[in-house]
Amino acid sequence: MADLKTKYMGLDLASPVIAASSGLTNSVDDIVEFEKNGAGAVVLKSIFEEEIRLYLERDQKAMARNEFIYPETIDFYDDFASDDALTQYLGMISEAKKKASIPVIASINCVSSEKWPSYAQYIQDAGADALELNMFIMPSDFDKTCDEREKMFFDVIEAVLKHINIPLSLKISYYSNNLGPLIQQLTHSGIDGLVLFNRFYSPDIDIDKLKTVSSNVLSQPSEITMPLRWIGIMSDRAGCDLAASTGIHDGAGAIKQFLAGAKAVQVASALYKNGKGHIRTMLREINDWMDQKGYSNLDEFRGMLSTKRTENAAAYYRMQFMKHFAGKNHAV
Ligand SMILES: Cc1cc2nc3c(=O)[nH]c(=O)nc-3n(C[C@H](O)[C@H](O)[C@H](O)COP(=O)(O)O)c2cc1C
């Protein structure tokens, strides 16, 4: 039986497969079920910066009226029954920490460093083991330059780090003019983990109803190549741990990411498709492959095929079809 333990962001994980932030990670029962199925950690469904701002503004108004508001301790979260979504979120974290022993990583979806970062401390006080920031700055904002957009990442990280000392990770998309250097700088910005990459709904058009619609809510296994490329290119250059996300649907997908240098993988779509028990299947597949290859722990092969260590680094960098597919009779 291979040892599947890994260290991610300084956290000791019993396995390298993490339940990614999604609608499947939104309750204490979900977390307990993921633990039973061998998940190394759970990233909670994200709360939104906008929600936090409203919450804090409301509390400031209440404070002006001299009402008691800010919850300070875990005991307070336990005793304070409120319908407020954010109070429930904090309550869920503290409850999960009593019922499960795997790390609970809270998640905040944010696009600015304004007015909300102090809330990160409430998440820490509720008992979260780490915080993941889910940041997506759509490059269709015509009023911002590329530099202005990317500066946001660093502003947010700096602001949040003032309020917490639990590990902090960032999940980004691959939309950047300057992705390699951006990833490198981010991994040296004080964060403990970087998740490559988030994935988004795509637009489609219903030609019968003449309507735009959202499509591709769940990923396909073929989408694994985008994070694989960037984990492979960046794992030797990163100043913090890298986790892979998008298109990891089975044990083989996870193994590829470890070979490229990932510390852990985050999985969502495959769990929607196959249920939470799919994590156990993935772990069995990883274990069987390791037994077959004679590896007893993940570090024995992690990063073995990163750009610096593979004999064929060009596979990570190659973008264009040249002679390989140029023959007239080729099927592609
Ligand atoms: C239905 C659904 C809801 C999601 N909600 C969140 C979220 O709240 N926060 C977040 O950071 N990522 C969210 N994600 C993105 C996933 O965490 C993951 O990064 C992405 O789906 C790529 O992984 P996959 O190919 O395994 O699905 C969601 C994904 C799905 C499919």
Side-chain angles (χ1 to χ4, degrees), residues 8-9 15-27 30-31 34 37 39-52 85-86 88-89 92-93 104-111 120 123 128 130-138 153 156 160 168-175 191 193-202 213-231 242-258 262-279 281-283 285-286:
Y8 171 57
M9 301 204 273
S15 92
V17 180
I18 297 174
S21 175
S22 80
L24 297 175
T25 59
N26 209 14
S27 74
D30 289 333
I31 298 164
F34 274 122
N37 282 296
V42 170
V43 186
L44 300 180
K45 173 97 187 119
S46 304
I47 49 173
F48 283 77
E49 168 189 332
E50 292 82 353
E51 288 179 85
I52 297 173
L86 292 195
Q88 278 180 10
Y89 197 75
M92 173 171 65
I93 294 169
V104 173
I105 304 173
S107 170
I108 299 179
N109 189 314
C110 54
V111 288
I123 283 179
L131 173 62
E132 183 175 288
L133 302 175
N134 174 22
M135 284 191 74
F136 177 53
I137 305 161
M138 185 71 179
F153 291 120
V156 169
V160 172
L168 179 67
S169 60
L170 176 70
K171 180 157 81 168
I172 60 170
S173 80
Y174 49 78
Y175 286 103
I191 57 175
L194 185 65
V195 186
L196 306 176
F197 295 103
N198 203 350
R199 178 181 181 278
F200 307 95
Y201 291 175
S202 306
V213 291
S214 293
S215 72
N216 297 328
V217 175
L218 300 181
S219 68
Q220 298 299 321
S222 58
E223 293 176 51
I224 196 177
T225 52
M226 181 63 99
L228 191 64
R229 177 190 294 267
W230 288 99
I231 296 278
L242 299 181
S245 168
T246 291
I248 300 150
H249 284 233
D250 53 18
I255 292 163
K256 290 177 191 183
Q257 299 291 359
F258 304 140
K263 279 296 184 85
V265 293
Q266 295 196 2
V267 183
S269 293
L271 304 178
Y272 274 101
K273 285 181 187 165
N274 306 304
K276 294 189 177 86
H278 189 60
I279 291 197
T281 308
M282 290 178 68
L283 294 175
E285 290 166 354
I286 297 167

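Counting starts at 1 for both ligands and their atoms, in listed order.
Within the 4.0 Å heavy-atom cutoff, V217 counts among the residues contacting ligand 1. The closest approach between a heavy atom of A270 and any atom of ligand 1 is not below 4.0 Å.
The distance criterion of under 3.5 Å between nitrogen or oxygen atoms is met by S245 with respect to ligand 1. Some N or O of K45 is nearer than 3.5 Å to an N or O of ligand 1, by distance alone. Taking only nitrogen or oxygen atoms, main chain and side chain alike, S219 reaches within less than 3.5 Å of ligand 1. Residue-to-ligand polar distances keep R199 apart from ligand 1: every N/O pair is separated by 3.5 Å or more. The shortest N or O to N or O distance between S46 and ligand 1 is under 3.5 Å.
Here the shortest heavy-atom pairing between Q257 and I231 reads OE1-CG1, 3.6 Å. Between L283 and P16, the closest heavy-atom pair is CD2-CD, 4.2 Å. The minimum heavy-atom distance between A41 and I105, with the atom names listed, is CB-CD1, 4.2 Å. For the residue pair D250 and H278, the shortest heavy atom distance occurs at CA-NE2, 4.3 Å.
Contacts between K171 and ligand 1 below 4.0 angstrom, taking non-hydrogen atoms only, involve the side chain exclusively. When non-hydrogen atoms are compared, ligand 1 lies under 4.0 Å from the side chain of N134 (C-beta onward) but not from its backbone. Contacts between L218 and ligand 1, counted as non-hydrogen atom pairs separated by less than 4.0 Å, involve the side chain only.
When S269, A20, S21 are checked for heavy-atom proximity to atom 29 (C) of ligand 1, S21 turns out nearest.
Counted within 6.0 Å of CZ on F136, heavy atoms from surrounding residues, nucleotides or ligands total more than 12; the atom is thus considered enclosed. No more than 12 heavy atoms of other residues, nucleotides or ligands shown are found within 6.0 angstrom of OH on Y174.
Here the protein heavy atom with the shortest distance to atom 21 (O) of ligand 1 is A268 CB, 3.9 Å.
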